[in-house]
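Working notes, beginning with the structure itself.
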Amino acid sequence: MEGSNHDNNKTFPIGETPQETSSLNVPKSYEISPANRASLNPEIADVVIIDLAGLDDPLKRPIIVKEIGNACRETGFFQIINHGIPQIVLNDALESAFNFFNLPTNEKEKYMSNDVHKPVRYGTSIKDGEDKIQFWRVFLKLYAHPLSEWIKQWPSNPPDYRQHLSYLTYISFVFVEKTGDYAMKTRLLAIKIIGAITESLGIGPKYLESKMEDGMQVLAVNCYPKCPEPHLALGLPPHSDYSCITIVLHSSCGLEIMDATNGTWQLVPDVHGALQVHIGDHVEVLSNGLYKSMVHRVTVNNEKTRVSIASLHSMGIDEKMATAEKLITDEHPKNYKESSFRDFLNFLSSNDITDGKSFIESLKIN
């Protein structure tokens, strides 16, 4: 109910969670332990911004590749500008996401599932009602490549568009059209960035190209509603991504990254038109630990709803990522087991990441 106070320790069905119903308080089941709560006045991260404008220029490419390699080595995170995706495409994707989350609950819950293997999945927190700690988040997960295959399962993809479509059908149609366009452009960008990353490792720009072209793309469309007590809750707990890389578009600040040198959390600043790039677990495996996957979390606020679209890119669902042989030496022996996207899904299905269990840690040999 609008403005209600929820029972402190209960779990909530979709449509009745506090983040969906404008609760006046944060229930106990959402409260983060005091030691792990976010600051309301966080330090601002000094994030590298890389201009991709010259990536296809043979004279400028080596400089950009070096910048990307340095960012991967030092933090595993950077922002990109002049990435080639028009601002109107970014704006339309965010607007479509906001519109989707504003649909009535009965429209959204058609896609509700706790099965992490499903290609289209709507939910709250991480796994509805199963997480020991609940998170102030609503999400829609979408498989997005090959787009022609998966888009048929996305929310309401009508075969034709007519002026007389209902408003709900119109919103769903626009979501599919605009989000699909963003997904296609982001995938092409991801392949270029992966090429620069493998080139920076000294294994060549085409090392993963064919496997990424045939690989997985998953969109995590996230909504973080206004929270009445933002100091008590989180939108997502600390984690690294299971992808090779993740490209993130957001409507406003809220992402925090961990400073590995001292373990402190810093807020990523908003740069208009920029996209965020996270190095994922599979690049850490590929690089034998030279590049680290970025640990990050999501905070919430009491002023406005925040939306983000995370595009996660990896190889095929059963394709195993292994450390590049060139990066295994007597001085730097192999440190990671091989793993696939499906391996991660199985890990997520059987583990509670709110306990601090990490997929990348499970892959370490030494």
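- For the pair His117 (side chain) and Asp115 (backbone), a donor-acceptor distance under 3.5 Å is absent.
- Exactly one residue among Glu229, Glu256, Glu31 makes a salt bridge (charged side-chain N to carboxylate O under 4.0 Å, His left out) with Arg37. That residue is Glu31.
- With hydrogens and angles disregarded, no donor-acceptor distance shorter than 3.5 Å links the side chain of Thr179 to the backbone of Val176.
- Among the candidates Asp92, Val89, Leu94, the single residue satisfying the side-chain contact (heavy atoms from CB on, under 4.5 Å) test with Tyr182 is Val89.
- Under the rule for a ring-ring contact (aromatic ring centres under 6.0 Å, His included), the partners of Trp150 that lie at least two apart in sequence or sit in another chain are Tyr143.
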Give the intermediate values and the outcome of ring-ring contact (aromatic ring centres under 6.0 Å, His included) for residues Tyr242 and Phe344.
-> CA-CA 7 Å; Tyr242 53 86; Phe344 168 77; 3.8 Å; yes
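- Residue pairs meeting the side-chain hydrogen bond (donor to acceptor under 3.5 Å, both in side chains) criterion with at least one member in residues 309-318, sequence neighbours excluded: Gln217-Ser311, Ser311-His313, Asp318-Arg342.
- Enclosure of atom CG in Leu40 by more than 12 non-hydrogen atoms of other residues, nucleotides or ligands within 6.0 angstrom is indicated.
- Residues passing the side chain to side chain donor-acceptor pair (under 3.5 Å) test with Lys141, sequence neighbours excluded: none.
- When the side chain to side chain donor-acceptor pair (under 3.5 Å) test is applied to Glu331, no partner is found at least two apart in sequence or on another chain.
- Qualifying side-chain contact (heavy atoms from CB on, under 4.5 Å) partners for Glu319, counting only residues two or more places apart in sequence or in other chains: Lys211, Met315.
- Here Phe77 pairs with His278 under the ring-ring contact (aromatic ring centres under 6.0 Å, His included) rule; sequence neighbours left out.
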